[in-house]
Amino acid sequence: IQPSQTVNISANVSHDTAGVIWSCSPVGACGTFSPASTGNEVVTTYTAPASAASVTIIATSVTDSGKSATASTLISGIASNATLSGQYAFFLTSPTGNRGTASLLGSVSLNGDGTVTAGIVDIISTSVLDLQDQILPTSANPQPNTSSFTVDTTGHGALILRTASGQLLGFSFALTSPAHALLTEIDGNPGSGTMDLQQHPAGGFAASQINGGFSFTMTGTAKANPATKVSFGGIFTADGVGSLSGGTLDINTAAIMTTSPFSGSFSAPDSNGRGTLQLGGGRSFAYYVISSKALRLFEADNLNLMGGSAYAQGGSVVFLGDNYFYQYSGWSSAGRVTTAGEFYIVETDIDISAGISDSNSGGFPANPKSAVKVSGSYDTSPAGAGTLTLVDAAGSSTFNLYVVDHNVNILDPNASPSGFFSGGGNALMLHTDVNVNGIGVMISNTNPGFPSFLGNNALQLTNAITTSTT
């Protein structure tokens with residue numbers, strides 16, 4: 001529903017002829033009804049509030065105020081430069097391109113008027129390694145020779161960043177809320193990813209935001225040999241002060257799996273929300289804080305060139321008695337493979353009882369497969385983790401699963417409900433078979449916590465491009 005729009009709504013009332021009284025929340029900012037009371041299936045005219053909001057409409061029985069029904073709706077926002085105001089973490093990956101397999105991460109401060117204050121960029125790739133490169137603020141230089149951004153009324157925009165080392169980075173984006181955007185790099189390097197509002201307590205980023213159990217996955221290449229593809233999955237517990245414990249790091253290096261425990265330390269995030277995780281054995285990760293529920297990661301040592309994310313485990317466990325959607329991608333002998341699907345497992349069972357999937361394998365020509373039945377099963381023997389066997393459009397695959405709390409929105413961390421959930425959660429996926437080297441996500445349905453913009457159903461696709469001389 002658009003701001004100030006009027007729509008007709010009605011309530012179906014059984015065993016009562018007096019009808020309902022209409023109300024909504026949040027009170028005073030959710031709109032109005034005319035008339036305020038109607039009979040069974042008699043419409044009232046609802047006028048939406050003038051600005052974006054998440055609204056709950058309530059129909060309460062006239063006869064018995066203890067009986068009511070509710071419906072939730074989003075009042076769409078109208079985007080502009082003012083929509084983007086604050087500090088944002090961005091994370092993009094590219095499986096191929098001018099930089100080779102690459103990850104690009106950073107933090108940027110946007111002023112709500114098209115100008116950029118400051119920030120930092122890390123580029124991790126087989127051909128470019130540019131760490132802690134300072135983003136230059138908006139200057140009087142003509143475009144595109146200064147940092148800036150624009151947002152149109154639909155939430156589509158562009159972001160240009162100039163850095164101290166001479167990088168000129170250009171991005172196109174689509175906002176799905178004031179706190180989340182999908183990014184595509186448009187400066188000649190084929191990257192895609194996300195930009196998320198960074199949350200912190202009063203006074204700035206703090207070590208206390210890195211607290212509790214986290215699950216993570218990362219993907220990239222070996223630094224010594226870029227042709228060697230590498231994927232990570234694992235878990236760790238942070239104490240909110242500076243220590244890491246209970247860590248497990250699973251590594252798929254060219255289809256060879258290794259597992260090692262770790263403990264270590266972490267540094268408090270700086271003013272960009274950036275800090276480091278020391279895992280021991282010479283391995284370290286740098287991180288950017290989105291919130292206490294989500295971090296963006298890259299490997300900051302001489303071992304591999306990796307990028308990924310970590311999410312809070314909260315109170316959830318790997319328990320798949322539900323309908324789940326999944327997506328994974330990685331490298332196979334034919335090239336890049338991307339697969340998506342959904343499946344259902346009866347609550348008392350471990351076997352997939354129904355499901356459908358689609359996949360596209362690289363090579364020339366590409367080999368898409370659609371509407372393929374999903375089968376398989378899962379096991380949850382390790383704490384905070386599990387395993388999954390899938391037979392789908394990409395063939396037969398096995399995965400390690402790393403639990404993510406049900407109240408953590410993996411796709412849009414700022415849309416996560418408050419608190420944690422005790423019960424079945426979402427999961428990150430790491431390929432453990434020889435067919436594909438890659439990572440993925442598995443999620444149940446979630447509702448957005450921020451109002452979307454009118455028409456903003458964003459789609460993002462990325463993969464290697466295969467060319468031919470014919």
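Position 1 is the first residue of the sequence, and the numbers go up from there.
Summarising the geometry of Val337 relative to Ser332, their closest heavy-atom pair is CG2-OG, 3.3 Å, with the distance given to 0.1 Å. Here the closest non-hydrogen pair linking Thr339 and Asp392 is CG2-OD2, 3.6 Å. Nearest heavy-atom pair across Ala312 and Phe420 is CB-CE2, 3.8 Å. Nearest approach of Pro417 to Lys293, heavy atoms of both residues: O-NZ, 2.6 Å. Here the closest heavy-atom approach between residue Ala158 and residue Phe173 is recorded as N-CE2, 3.4 Å. Across Pro49 and Cys30, no two heavy atoms sit closer than the pair CD-O, 3.4 Å.
Dense packing is recorded around CG of Asn145, with more than 12 heavy atoms of other residues, nucleotides or ligands lying under 6.0 Å away. Counting heavy-atom neighbours within 6.0 Å of Lys369 NZ, excluding the residue itself, gives a total of 12 or less.
Once rounded to the nearest 0.5 Å, the distance linking OG of Ser147 with CG of Leu136 reads 6.0 Å. With rounding to the nearest 0.5 Å, the separation of OG1 in Thr184 from CG in Asn189 is 13.0 Å. With rounding to the nearest 0.5 angstrom, the CZ atom of Phe262 is 4.0 Å from the CG atom of Leu279. For the atom pair OG (Ser309) and CE (Met218), the distance works out to 9.0 Å, reported to the nearest 0.5 Å. Ile124 contributes atom CD1, which lies 11.5 Å from atom OG1 of Thr93 (distance to the nearest 0.5 angstrom). In this structure, Ser329 OG and Gln327 CD are separated by 5.0 Å, a value rounded to the nearest 0.5 Å.
In the model, Ser267 has a side-chain atom that pairs as donor or acceptor with a side-chain atom of Thr276 under 3.5 Å. A donor-acceptor contact closer than 3.5 angstrom links the side chains of Thr398 and Thr432. For Asn407 and Ser418, the side-chain atoms include no donor-acceptor pair closer than 3.5 Å. Remark: the Ser316 side chain and the Asp405 side chain contain an N/O donor-acceptor pair separated by less than 3.5 Å. When only modelled atom types and interatomic distance are considered, Gln313 and Ser215 share a side-chain donor-acceptor pair under 3.5 Å. With hydrogens and angles left out, the side-chain atoms of Ser165 and Asp130 include a donor and acceptor closer than 3.5 Å. No side-chain donor-acceptor contact under 3.5 Å links Thr338 and Asn360. Side-chain contact check for Glu185 and Ser94: no donor-acceptor pair (N or O, by modelled atom type) lies under 3.5 Å.
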Would you tabulate the side-chain donor-acceptor contacts of residues 435-443 under 3.5 Å, counting partners in other chains and residues two or more places apart, or write 'none'?
from   : atom 1 : to     : atom 2 : distance (Å)
Asn435 : ND2    : Ser396 : O      : 2.9
Asn437 : OD1    : Ser231 : OG     : 2.6
Asn437 : ND2    : Lys229 : O      : 3.0
Asn437 : ND2    : Asn252 : O      : 3.2
Asn437 : ND2    : Asn252 : OD1    : 3.2

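Tested against Asp122 for a side-chain hydrogen bond (donor to acceptor under 3.5 Å, both in side chains), the candidates Arg274, Arg296, Gln132 yield a single pass: Arg274. Partner of Phe298 under the side-chain contact (heavy atoms from CB on, under 4.5 Å) criterion, out of Ile123, Leu131, Asn304: Leu131 alone.
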Next on the checklist: Under the criterion side chain to side chain contact (heavy atoms under 4.5 Å, CB included), I'd like the reasoning laid out for Glu299 against Leu305: C-alpha separation, chi angles, the key distance, then a yes or no.
Outcome noted: CA-CA 6 Å; Glu299 189 163 7; Leu305 303 167; over 6 Å; no
Item to check | Audit row: Tyr88, Phe90, side chain to side chain contact (heavy atoms under 4.5 Å, CB included) steps and yes/no | outcome: CA-CA 6 Å; Tyr88 292 81; Phe90 52 90; 5.9 Å; no
Next on the checklist: Between Val374 and Leu390, does the side chain to side chain contact (heavy atoms under 4.5 Å, CB included) criterion hold? Intermediate values first, please.
Outcome noted: CA-CA 7 Å; Val374 177; Leu390 280 182; 3.8 Å; yes
Next on the checklist: Please determine whether side chain to side chain contact (heavy atoms under 4.5 Å, CB included) holds for the pair Leu277 and Leu297, giving the CA-CA distance in whole Å, both sets of side-chain angles, and the decisive distance to 0.1 Å.
Outcome noted: CA-CA 9 Å; Leu277 308 173; Leu297 305 175; 4.1 Å; yes
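Listed for the Ser357 side chain is a donor-acceptor partner under 3.5 Å among the backbone atoms of Val372. Although no hydrogens or angles enter the test, the distance criterion places no donor-acceptor pair under 3.5 Å between the side chain of Gln278 and the main chain of Leu244. Remark: the backbone N or O of Val151 is paired with a side-chain donor or acceptor of Asn81 at under 3.5 angstrom. Distance alone, capped at 3.5 Å, is enough to place a donor-acceptor pair between the Asp113 side chain and the Thr115 backbone. Without hydrogens or angle criteria, Gln198 side chain to Tyr288 main chain gives no donor-acceptor distance under 3.5 Å.
Aromatic ring orientation, Phe216 versus Phe285: perpendicular (interplanar angle above 60°, classes split at 30° and 60°). Relative orientation of the Phe343 and Tyr324 rings is parallel, given thresholds of 30° and 60° on the angle between their planes.
In this structure the side chain of Val108 reaches within 4.5 angstrom of the side chain of Val116, judged on heavy atoms.
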